[in-house]
Amino acid sequence: MMKNIVRRTAFPVLVAGVYAALIRPRLLRWGTTGEEESASYPGDDLIRHATAQSTMAVSLPAPPEEVWPWLIQMGSGRAGWYSWDFLDNAGGRSADQIVPEWQDLAVGARIPAVPSGAFHFLVEILDPLKTLVLRFDLELPSGRSFDPGGPMPAAYTDGIWAFHLRPLPDGGTRLIIRTRGCGKPAAADRLVGRLFGEPAHFIMQHRQFRNLRRRVRRADPAAQPTARDAEQPDGAGTFDPAPHGSA
């Protein structure tokens with residue numbers, strides 16, 4: 001009996017150990033250099049007592065002035081999120097072109113995260129061509145946004161999703177994504193974040209990188225889309241991340 005119990009518990013413990021030691025650290029710093037991962041970025045101080053942080057990065061084959069318009073038009077009911085549309089855009093296809101009426105974004109604006117509007121991102125920092133910091137504050141268990149400047153709910157999650165653009169010598173853009181978060185109850189927030197939040201962010205962010213890369217390449221008249229690009233819809237195929245400064 002005791003041997004059976006040990007066998008049943010040993011495998012889950014082993015899997016958890018491998019994930020914590022080998023897989024999770026890679027997810028949290030995917031595509032980054034050591035300098036990018038350890039750097040401080042605008043908006044980090046919005047979550048002063050963060051219990052979770054990730055930094056992901058990719059090189060895009062277009063300068064910041066061509067990448068920026070794709071970022072500021074994001075949102076549900078706007079351009080979408082360029083990720084897995086059936087998961088985060090109610091099945092609607094993310095925009096594949098720059099839409100002029102979605103280019104007027106300002107600090108304090110609320111960007112709908114879901115079609116119902118129950119959850120939104122707040123634009124905290126907007127430094128054109130350089131930095132876009134979106135903040136999300138959710139009351140739990142309702143999942144509705146709340147004002148972080150007012151009384152904090154008994155249970156909540158508070159975090160940022162920040163986009164930092166850096167020009168590359170070859171004319172491309174280094175896009176660095178920093179997330180930071182905290183919540184209450186702290187133990188439950190950490191558990192949910194590690195089991196679901198971090199893997200989900202990696203999957204969605206990886207997809208967004210791929211689709212942004214394809215969009216900015218197509219927007220360049222000198223860059224002809226490949227047959228593979230033309231055939232792949234959003235949410236399909238693979239992605240060559242070119243994570244360390246290559247375009």
Side-chain angles (χ1 to χ4, degrees), residues 16 19-20 24-25 27-30 32 36-57 71-81 83-84 87-90 104-128 130-164 176-205 208:
Y19 175 78
R24 181 171 178 262
L27 298 187
L28 297 182
R29 61 171 185 263
W30 184 89
T32 62
E36 290 169 338
E37 181 193 7
S38 62
S40 296
Y41 297 95
D44 283 359
D45 59 349
L46 292 172
I47 311 297
R48 296 184 179 277
H49 303 292
T51 55
Q53 176 173 297
S54 71
T55 311
M56 297 176 65
L71 299 181
I72 62 172
Q73 68 178 19
M74 294 187 301
S76 181
R78 293 163 56 88
W81 302 103
S83 188
W84 292 97
L87 292 176
D88 66 2
N89 204 34
D104 187 15
L105 193 65
V107 170
R110 293 183 176 184
I111 300 177
V114 293
S116 69
F119 166 29
H120 63 259
F121 290 98
L122 179 67
V123 180
E124 285 278 12
I125 300 175
L126 191 152
D127 187 359
K130 295 181 179 178
T131 296
L132 174 64
V133 178
L134 306 180
R135 186 168 184 171
F136 54 92
D137 300 274
L138 297 180
E139 188 271 336
L140 301 175
S142 72
R144 292 188 174 275
S145 296
F146 67 91
D147 180 5
M152 301 297 281
Y156 66 88
T157 184
D158 179 20
I160 60 166
W161 185 21
F163 300 74
H164 304 284
I176 304 167
I177 305 295
R178 167 65 58 85
T179 67
R180 284 169 60 82
C182 64
K184 187 177 179 181
D189 182 72
R190 287 193 183 97
L191 179 62
V192 172
R194 294 189 179 190
L195 291 179
F196 302 104
E198 291 172 356
H201 171 66
F202 173 82
I203 292 169
M204 302 304 285
Q205 189 62 64
Q208 186 188 72

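Side chains included, hydrogens not; waters and symmetry mates left out as well; all remaining heavy atoms used. Just so you know, these numbers come straight off a predicted model, no measurement behind them.
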Atom pair CD1 (Ile176) and CE (Met56), whose distance is rounded to the nearest 0.5 Å: 12.5 Å

Between Thr55 and Arg178, is any side-chain donor less than 3.5 angstrom from a side-chain acceptor? yes

At what distance, to the nearest 0.5 angstrom, does CZ of Phe121 lie from CD1 of Ile160? 11.5 Å

Under the side-chain contact (heavy atoms from CB on, under 4.5 Å) rule, collect the residues that match up with Val107, sequence neighbours excluded. Leu126

Inter- and intrachain pairs under salt bridge (Lys or Arg N to Asp or Glu O under 4.0 Å), touching residues 46-57, at least two apart: none

Apply salt bridge (Lys or Arg N to Asp or Glu O under 4.0 Å) to Arg135 and list each qualifying residue two or more places apart in sequence or on a separate chain. Glu124, Asp137, Asp158

Any residue meeting side-chain hydrogen bond (donor to acceptor under 3.5 Å, both in side chains) with Trp161, in chain and number order, not counting sequence neighbours: Gln205

Which residue pairs pass the salt bridge (Lys or Arg N to Asp or Glu O under 4.0 Å) test when at least one of the two sits in residues 143-156, sequence neighbours left out? none

Could you grab the distance from atom CG of Leu138 to atom OH of Tyr156, nearest 0.5 Å is fine? 12.5 Å

Taking all non-hydrogen atoms of both residues into account, name the closest pair between Met74 and Ile111 and its distance. O-CG2, 3.4 Å

Excluding sequence neighbours, so at least two apart, what forms side-chain hydrogen bond (donor to acceptor under 3.5 Å, both in side chains) with His201? none

Hey, are the side chains of Phe163 and Thr131 touching, using non-hydrogen atoms and a 4.5 Å cut-off? no

Ignoring hydrogens, what is the shortest heavy-atom contact between Ala90 and Pro115? Give both atom names and the distance. CB-CG, 3.5 Å

Please identify each residue that fulfils side-chain hydrogen bond (donor to acceptor under 3.5 Å, both in side chains) with Thr179, with sequence neighbours left out. Ser54

Could you pull out all residues at least two apart from Ser142 that satisfy side-chain hydrogen bond (donor to acceptor under 3.5 Å, both in side chains)? Glu139

Applying side-chain contact (heavy atoms from CB on, under 4.5 Å), name anything that partners Ala109, two or more places apart in sequence or on another chain. Leu105, Val123

Restricting to non-hydrogen atoms, name the atom on Tyr41 and the atom on Glu36 that form the minimum distance, rounded to 0.1 Å. OH-O, 2.7 Å

Checking Leu191 now: which residues fulfil side-chain contact (heavy atoms from CB on, under 4.5 Å) with it, not counting sequence neighbours? Leu195

Side chain Arg78, main chain Ile72, donor-acceptor under 3.5 Å: yes

Sequence-distant partners of His120, ring-ring contact (aromatic ring centres under 6.0 Å, His included), two or more places apart: none

With a cut-off of 3.5 Å and sequence neighbours excluded, list every side-chain donor-acceptor pair involving residues 180-190.
| residue | atom | partner | partner atom | Å |
| --- | --- | --- | --- | --- |
| Arg180 | NE | Asp44 | O | 3.0 |
| Arg180 | NH1 | Gln53 | OE1 | 2.5 |
| Arg180 | NH2 | Ile47 | O | 2.6 |
| Asp189 | OD2 | Gly183 | N | 3.3 |

Taking all non-hydrogen atoms of both residues into account, name the closest pair between Pro42 and Ile125 and its distance. C-CD1, 3.9 Å

Specify the closest pair of heavy atoms between Pro112 and Trp81, including all atoms of both residues, with the distance to one decimal. O-CZ2, 3.5 Å

